[in-house]
Chemist: 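Questions regarding the structure given below will be posed in turn.
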Amino acid sequence: MSRSLYKDTLDFFKRCSKHEVKGNHLRRLKMLSSMVVCCAQTRSSSLSSLGSGSAMDIRQSESRIKQAKRWLSSKWTDWDSFFAPYIHTLLLQLAKSGELVLVIDGSQTAQGCCTLMLSVIWKKYAIPVVWLTKEAPKGHFADELHTDLVSQFHQFFHSQQPCRIVLLGDGEFDGSLLRNFCQRQNWEYVLRTSVDRQIDFNGEVGRIDALLPLLQSQESIFIEHACLGSHAVLWKGKNFQDPIAILTNMELGPMACQYYRRRFKIETMFKQFKSAGFQLQKSRLGQPVRVQNLIIVVAIAFIFTFCIGLLLKEQNHKAIAPFLRVDSINKMSPITIAQKAIAHHSDIAYYIFSMLSKNFENFFST
């Protein structure tokens, strides 16, 4: 493991930590720093990868793996202590724009576990914010869990930077509990629903897809107060094979459609967590609490490498040529670019990360 990456990561955690950094908490931060760097370097989140190449004790890999297991299973390891302080810094910067766009989605993670994730959209990318994991190979989460997750975010951030909040979600998240919660918090929402959903057409009830013939002359149809206080939109974009239905509290249908396009970013993020980045699905962990804590490690490694990759894209071709084909850089994700640079022990990547760790909040103010 690079001493520079480990030290810069630990220094960043110390600066942002909401606890006094000494004793057991310092020891846990050291372990987290080690795992984050190992995850980024090995492109894997398996226990053997997280315990390898440690700057603190490189010759005792088995011991380091045991320490990683203890960290993931510890009652002292949680989102509040080891992720909230860092994502809070990022959210404060993004909120200065006057708007946060959140996306809720679920995906299978690790062995026999599913994770429900709330992310924030920045530019064209999704960044993980808060999540919960349950033991289930696949399937949907209950409406109550959707509401619990966004409520956790609301309690964490509502008293901070005032801003407009928009929540996006697919057809799993069109339940009345979640929509009512958004309405009470004065959030806007754009949530996909089924095209055969029953809605109110000015006093008459019918399926929303009954409006399909009208889409031949327009891209979208907006129906006010169509479903328990929500408006409905039937929309067929230019590249859509089939139309989709949306429930929203926005007053303009085209605006709701424009926001919903951004929902697909989180699918790319889950892909980076798994097959295209850190192999979360191969971690072999099966206990939801351990998987939920492992995602802390993966999420931080994701954010750091993502930022490094974006900055590497801005470098001149001579600086990146030793580890990357210049003609392919525009086709690569920031994560892939950063991982190639780190694997090559690129000085420019290490320098970028050192500067980033000292000015993390400023990166998201641009």
Side-chain angles (χ1 to χ4, degrees), residues 94-95 97-106 116-126 140-141 143 146-147 149-151 153-154 162-268:
L94 298 188
S97 69
E99 177 182 86
L100 290 179
V101 180
L102 306 176
V103 184
I104 185 170
D105 202 2
L116 185 65
M117 177 83 69
L118 189 70
S119 301
V120 63
I121 300 296
W122 178 66
K123 295 185 176 179
K124 297 181 180 180
Y125 304 96
H140 292 175
F141 289 76
D143 196 12
H146 305 161
T147 308
L149 188 67
V150 295
S151 178
F153 171 84
H154 174 70
C163 67
R164 178 192 191 196
I165 294 180
V166 180
L167 178 68
L168 313 178
D170 65 14
E172 177 186 350
F173 306 99
D174 62 349
S176 59
L177 286 179
L178 183 59
R179 288 185 283 128
N180 289 339
F181 176 87
C182 292
Q183 202 70 43
R184 290 195 302 272
Q185 310 309 329
N186 293 317
W187 293 8
E188 293 172 274
Y189 58 84
V190 183
L191 306 170
R192 186 171 178 173
T193 191
S194 60
V195 293
D196 61 356
R197 189 180 188 109
Q198 298 285 326
I199 62 171
D200 184 348
F201 296 96
N202 295 321
E204 295 185 9
V205 177
R207 290 169 42 140
I208 191 171
D209 57 5
L211 298 173
L212 280 175
L214 299 179
L215 284 180
Q216 296 177 3
S217 59
Q218 52 191 320
E219 185 175 277
S220 64
I221 301 169
F222 183 75
I223 308 100
E224 286 188 294
H225 308 298
C227 182
L228 301 176
S230 298
H231 310 311
V233 181
L234 188 62
W235 172 41
K236 186 172 184 180
K238 292 181 180 179
N239 299 321
F240 290 7
Q241 183 175 355
D242 298 303
I244 66 172
I246 290 171
L247 296 180
T248 183
N249 58 353
M250 291 184 175
E251 297 300 326
L252 298 174
M255 179 184 293
C257 297
Q258 182 179 0
Y259 271 95
Y260 188 79
R261 287 186 186 276
R262 304 172 73 177
R263 193 209 71 81
F264 301 107
K265 303 302 179 185
I266 196 171
E267 295 178 353
T268 303

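Here the structure is a predicted model, which means the values were calculated and not measured.
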Chemist: Answer yes or no: are there more than 12 heavy-atom neighbours, outside Gln258 itself, under 6.0 Å from its atom CD?
Modeler: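 At most 12 heavy atoms, drawn from other residues, nucleotides or ligands, come within 6.0 Å of this atom.
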Chemist: Calculate, to the nearest 0.5 Å, the distance between atoms CZ and CG belonging to Arg207 and Leu212 respectively.
Modeler: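 If I round to the nearest 0.5 Å, the distance is 9.0 Å.
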Chemist: With side-chain contact (heavy atoms from CB on, under 4.5 Å) as the test, would you mind laying out the steps for Leu102 and Val150 before giving the verdict?
Modeler: CA-CA 9 Å; Leu102 306 176; Val150 295; over 6 Å; no
Chemist: Provide the full list of ring pair (Phe, Tyr, Trp, His ring centres under 6.0 Å) pairs with a residue in residues 201-222, sequence neighbours left out, each pair given once.
Modeler: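 Residue pairs passing ring pair (Phe, Tyr, Trp, His ring centres under 6.0 Å), neighbours aside: Phe222-His231.
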Chemist: How many angstroms lie between CZ in Arg263 and CG in Leu191, if you round to the nearest 0.5 Å?
Modeler: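 So the gap between those two atoms works out to 10.5 Å.
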Chemist: Run the side-chain contact (heavy atoms from CB on, under 4.5 Å) check on Met250 and Val166 step by step: do they pass?
Modeler: CA-CA 10 Å; Met250 291 184 175; Val166 180; 3.7 Å; yes
Chemist: Can you tell me how the ring of Trp187 sits relative to the ring of Phe153, calling it parallel under 30°, perpendicular over 60° and tilted otherwise?
Modeler: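 Rings of Trp187 and Phe153: perpendicular, over 60°.
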Chemist: Start with the C-alpha distance between Glu188 and Thr248, add both sets of side-chain angles, then the distance that settles side-chain contact (heavy atoms from CB on, under 4.5 Å), and finish with yes or no.
Modeler: CA-CA 7 Å; Glu188 293 172 274; Thr248 183; over 6 Å; no
Chemist: Output the distance between atom OG (Ser230) and atom CG (Asp174), rounded to the nearest 0.5 Å.
Modeler: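 CG of Asp174 is found 9.5 Å from OG of Ser230.
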Chemist: Drop me the distance from Leu211's CG to Ser220's OG, to the nearest 0.5 angstrom.
Modeler: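 Rounded to the nearest 0.5 Å, the CG-OG separation comes out at 11.5 Å.
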Chemist: Check whether Glu172 reaches the backbone of Asp105 with its side chain - one donor and one acceptor, N or O, closer than 3.5 Å.
Modeler: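 It does not hold such a pair.
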Chemist: Is there a side-chain contact (heavy atoms from CB on, under 4.5 Å) between Tyr189 and Phe173? Walk through the geometry before answering.
Modeler: CA-CA 10 Å; Tyr189 58 84; Phe173 306 99; over 6 Å; no
Chemist: Under 3.5 Å, side chain of Asp170 to main-chain N/O of Arg192, donor-acceptor pair present?
Modeler: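 Side chain of Asp170 to backbone of Arg192: no pair is present.
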Chemist: Quick check for you: to the nearest 0.5 Å, what is the distance between Leu94 atom CG and Glu99 atom CD?
Modeler: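 Here the interatomic distance stands at 11.0 Å.
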Chemist: Which heavy atom of Cys227 sits nearest to which heavy atom of Arg179, and what is that distance?
Modeler: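 That closest heavy-atom pairing would be O-NH1, 3.3 Å.
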Chemist: Checking the side chain of Thr147 only, and the main-chain atoms of Asp143 only, is there a donor and an acceptor separated by less than 3.5 Å?
Modeler: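 Yes, Thr147 side chain to Asp143 backbone: donor-acceptor pair under 3.5 Å.
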Chemist: Determine whether more than 12 heavy atoms belonging to other residues, nucleotides or ligands lie under 6.0 Å from atom CG of Asp196.
Modeler: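 Above 12, so yes.
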